[in-house]
2 protein chains.
Amino acid sequence: MSASSAPGPEAFRPHDHRTCRGRALSAARALCAERRLRLTPARAFVLETLLGSHRAMTAYEILDALSAAGLGNQPPVVYRALDFLVANGFAHRIERLAAFTACSHAGTAHNAGFLVCRSCRRVAETPLPRPAAELVEAAEVAGFVIERTAVEAEGVCARCREAAT
Amino acid sequence: MSASSAPGPEAFRPHDHRTCRGRALSAARALCAERRLRLTPARAFVLETLLGSHRAMTAYEILDALSAAGLGNQPPVVYRALDFLVANGFAHRIERLAAFTACSHAGTAHNAGFLVCRSCRRVAETPLPRPAAELVEAAEVAGFVIERTAVEAEGVCARCREAAT
DNA sequence: GCGGGAATGTTACAAAGTAACAGATGTCAG
DNA sequence: CTGACATCTGTTACTTTGTAACATTCCCGC
């Protein structure tokens, strides 16, 4: 039983964020150790920064944070860290926003779908068991091999909708 | 009965492209007349250009074509035409590529899914009846209102896979 | 302690997208 | 027909996003 009883994905309801971030961070450290991946200071900092909110952040927002922390101030620094995090499943790129968000299910192989609030840019992730049947079928018929699928639903979250009233 | 008997979406098989483009273009003209929309020369040219191939084209590729045709050579020209075409369902933005493609089902309201070949950038569109059930459910639980959903499967088409052999 | 692969620092760009405003043009009421 | 209003176009200048390329430093196994 969780402390908060509100329904829905964590991103869109109040929750103990310190716990949520801490858990994700130690999971990432454990996974990196297991897979012989190097979660270097810059990479860890970027991951922490992303975990610091459930908003999608642009590469340059993250770069500002890195820069403030004295960990580098040129674009390649962020993009390299993000490449690493995305490649290893610790973060996702939200194509629609050209922005990035921490993965809420790191380690478990998964196809993910995203609810993206166009007002506050908060992002919730939902595991999707498989791509839409229609798409899979079209791919099979055409001999197209699907490697990864991005599913992004754009809309307005409950909080922003109420705020707009 | 179609001239070509190969299976799958048109984009990934040989077909009479002149017919395919002509059909789409007159459908667009008819729709614009019906809805009192102005398919101005620049807009028509951009649509034709997109219809000219089944590849996703970047805004700047299209701008080069516009420019060669003497229809404008500044970015806003393309982006305005693309905004119009996308807003009215004649084209889609492929988020993954930051590129654009003509819609193969213009006029009919539809949620679409895309097969995007990462090698040749050809794009096939498949109508999707509805967003994934898991996503819809997560949205409902969270009070999130979905406005539009982008589904993009990245992979390799049959032709490119064979070519790579 | 050293050799090789991985990670970082840095410069300099390329590519993608937009804000803002002036001018032209289409269209509809009177 | 004519003005008034909305829409579309032209243009300048700029912001944001992302990379190529190369030198340097770090880490780990031997």
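Residue numbering restarts at 1 for every chain, and letters A, B, ... go by the order of the sequence lines. Quick note: numbers below take in every heavy atom, side chains included, and nothing from hydrogens, waters or symmetry partners.
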Starting at atom [atom1] of [X], determine the distance to atom [atom2] of [N], rounded to an integer number of angstrom.
X       : N      : atom1 : atom2 : answer
A:Met57 : D:dT16 : CE    : C1'   : 15 Å
A:Glu61 : D:dG18 : CD    : C1'   : 16 Å
B:Tyr60 : C:dA15 : OH    : C1'   : 7 Å
A:Arg93 : C:dA16 : CZ    : C1'   : 11 Å
B:Glu95 : C:dA16 : CD    : C1'   : 13 Å
A:Arg80 : D:dA20 : CZ    : P     : 12 Å

>> Nearest to the A:Val77 side chain among C:dT10, D:dG18, C:dA19, which nucleotide is it?
In response: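 Ranking C:dT10, D:dG18, C:dA19 by closest atom to the A:Val77 side chain puts C:dT10 first.
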*Of the nucleotides C:dG17, C:dT18, D:dT17, which has the atom closest to the A:Ala98 side chain?*
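In terms of side-chain proximity for A:Ala98, the closest of C:dG17, C:dT18, D:dT17 is D:dT17.
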- [ ] Take B:Thr40 and B:Gln74, find for each the nucleotide of DNA chain D with the closest heavy atom, and name the residue whose nucleotide sits nearer the 5' end.
- [x]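 Between the two, 5'-proximity favours B:Thr40.
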Is any side-chain nitrogen or oxygen of A:Thr58 closer than 4.0 Å to OP1 or OP2 of D:dT17?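 Answer yes for this pair, as a side-chain N or O of A:Thr58 is under 4.0 Å from OP1 or OP2.
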Quiz item: How far apart are the closest heavy atoms of A:Pro41 and A:Leu71, and which atoms are they?
Solution: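 Minimum heavy-atom separation between A:Pro41 and A:Leu71: O-CD1, 4.3 Å.
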Quiz prompt | Exercise: identify the closest heavy-atom pair between B:Glu48 and B:Leu25 | solution =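 Taking every non-hydrogen atom into account, CG-CD2, 3.3 Å.
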When we call it a touch if two heavy atoms are under 4.0 Å apart, what does A:Arg38 touch: a base, just sugar-phosphate, or nothing?
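Sugar-phosphate, backbone atoms only, no base.
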**Asked** Which part of the nucleic acid does B:Arg43 contact within heavy-atom distance under 4.0 Å: base, sugar-phosphate only, or nothing?
**Response**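 Contact class for B:Arg43: sugar-phosphate only.
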Task: Ion pair A:Arg121/A:Glu61, N-O distance below 4.0 Å - done: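 The answer is no: the pair does not qualify as a salt bridge.
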Q) Are B:Glu154 and B:Arg96 close enough for a salt bridge, meaning some N to O gap below 4.0 Å? A)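 Judged by the 4.0 Å cut-off on N to carboxylate O distance, B:Glu154 and B:Arg96 do form a salt bridge.
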| request: Using the aromatic ring of B:Tyr79 (for Trp, its six-membered ring), decide whether it stacks on the base of C:dT18 within the limits of 5.5 Å and 30°. | output: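 So no, this residue does not stack on that base, at least one cut-off failing.
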Here's a test of your reading of the structure: between A:Leu71 and B:Leu97, which maps to the more 5' nucleotide of DNA chain C?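 Here A:Leu71 is the residue nearer the 5' end.
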